[in-house]
Amino acid sequence: MVDKKKMSVADMLAAARKADGGESAASESPSAAAANPPEEAAPAAPVGDKPLPQKSATGGRLSVAEMMAAARGGGSAAAQPADKKPTPKPTDKPASKPAAEKPAAPVAASSEPRDSASILASARKPSKAGPMSKSEAATKEKSDPTAKEKPQIFVPPMPVKPAYAMPKSAVAEKPKASADESRRGFLSTGFWNLGGVVALWTLASVKFMFPNVRREPPSKFKVGFPDAFAPGQVQTKFIPQYGVWVVNGEYDGQPQIYALKSVCTHLGCTPNWLEAEQKFKCPCHGSGFYKDGINFEGPAPRPLERYAIRLADDGQIEIEKSRTFQEEMGQWKDPTCFIGV
Ligand code: FES
């Protein structure tokens with residue numbers, strides 16, 4: 001006889017089956033009984049050692065369903081009235097048949113508490129398929145030696161961040177200079193600045209000692225022998241360097257070589273020699289001069305001027321630009337302003 005106080009769920013179930021077995025066996029046919037063996041064939045699962053109530057809420061004897069409910073609910077279901085037991089539909093199969101066909105649930109065979117979390121945990125497969133976390137993947141990879149090794153992919157190293165992109169705390173600050181070093185740096189900078197100012201002042205003083213002088217060609221120069229100038233020729237090659245025409249021409253009926261100043265007597269432009277027209281033509285206002293320098297057209301008020309000319313000791317023609325001669329003043333009759341040929 002089982003002790004009522006220490007009776008476990010399994011014992012209670014066994015006792016209930018025995019009690020119900022007699023009643024149901026009497027009502028069922030022998031064939032049904034053979035087809036549906038009593039649930040004792042299934043392994044009784046010890047749910048716990050908590051004793052179950054021996055009587056129903058109505059004070060009567062516990063049925064199998066109430067005992068099962070009490071076992072599942074830890075005995076609380078025993079207090080429920082038997083009216084709440086779901087009434088089987090006509091189409092439903094007898095309760096004893098699926099109970100006999102179903103194998104014993106693994107949950108009932110374990111001694112773990114039968115809460116939802118434990119049921120779900122036991123229902124999960126040990127190797128869960130699908131996405132998993134990094135830690136799970138690492139654990140699985142370590143535990144599974146047959147796992148395929150990952151292909152080695154070359155990953156270039158990350159470039160070093162420039163200093164301006166680094167946080168201020170990560171950038172090493174330069175050690176602050178001491179007071180002596182700062183003073184020495186200030187004095188050194190001041191010394192170099194003072195030296196630069198003194199050097200500039202010295203250069204300016206030296207340049208002041210040498211006044212600005214415009215370098216001009218000498219006022220006296222030789223242009224060659226008289227034979228180099230053919231009669232009636234106007235030599236223009238000395239214009240760029242000396243600004244003078246050397247003419248082997250004629251003035252007042254006398255053939256002579258003279259040097260004409262290449263400055264228009266109107267406003268100072270440089271006329272051009274026109275060989276075809278045998279005249280000097282000023283491009284500014286159109287003044288015209290004959291070969292001997294006499295003005296004949298345009299606004300020029302007077303003839304061109306002559307330079308002093310003479311034969312040097314070596315027989316060459318020497319021109320002196322420091323002396324000029326004006327025709328309107330009768331100076332062209334001065335023998336120092338022509339060479340007779
Ligand atoms: Fe020569 Fe006026 S400057 S014509």
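Counting starts at 1 for both ligands and their atoms, in listed order.
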Original post:
What are the atoms of ligand 1, with element, lying closer than 4.0 Å to any heavy atom of Cys269?
Top reply: 3 (S)
**OP:** Look at the N, O or S atoms of His285, main chain and side chain alike, and state whether any lies under 2.8 Å from atom 2 (Fe) of ligand 1.
**Re:** yes
Original post:
Hey, mind stepping through Tyr290 and Phe296 against side-chain contact (heavy atoms from CB on, under 4.5 Å) and telling me if it holds?
Top reply: CA-CA 7 Å; Tyr290 291 122; Phe296 68 94; 3.4 Å; yes
Original post:
Are the ring centres of Tyr258 and Trp332 closer than 6.0 Å?
Top reply: no
**OP:** Might you confirm whether atom NZ of Lys333 has over 12 heavy atoms from other residues, nucleotides or ligands at distances under 6.0 Å?
**Re:** no
**OP:** For the residue pair Gln316 and Asp314, confirm or rule out a side-chain donor-acceptor distance under 3.5 Å.
**Re:** yes
Subject >> Protein contact of atom 4 (S) of ligand 1 - nearest heavy atom, named by residue and atom, plus distance >> reply: Ser287 OG, 2.8 Å
Original post:
Is any N, O or S atom of Cys284 under 2.8 Å away from atom 2 (Fe) of ligand 1?
Top reply: no
Original post:
Of all the N, O or S atoms in His266, which one sits nearest to atom 2 (Fe) of ligand 1?
Top reply: ND1
Subject >> Joint cluster assignment, Phe325 & Tyr307, ILVMFWY side-chain distance < 4.5 Å >> reply: no
Original post:
ligand 1 versus Cys264, non-hydrogen atoms closer than 4.0 Å: side chain, backbone, both, neither?
Top reply: side chain
Subject >> Shortest protein contact, atom 3 (S) of ligand 1 (heavy atom only) >> reply: Leu267 N, 3.2 Å
Subject >> Pair Glu328-Arg302, salt bridge (Lys or Arg N to Asp or Glu O under 4.0 Å): steps then yes or no >> reply: CA-CA 7 Å; Glu328 70 273 15; Arg302 55 188 178 87; 3.5 Å; yes
Original post:
Counting from 1, what ligand 1 atoms have a heavy atom of Cys282 closer than 4.0 Å?
Top reply: 1 (Fe), 3 (S), 4 (S)
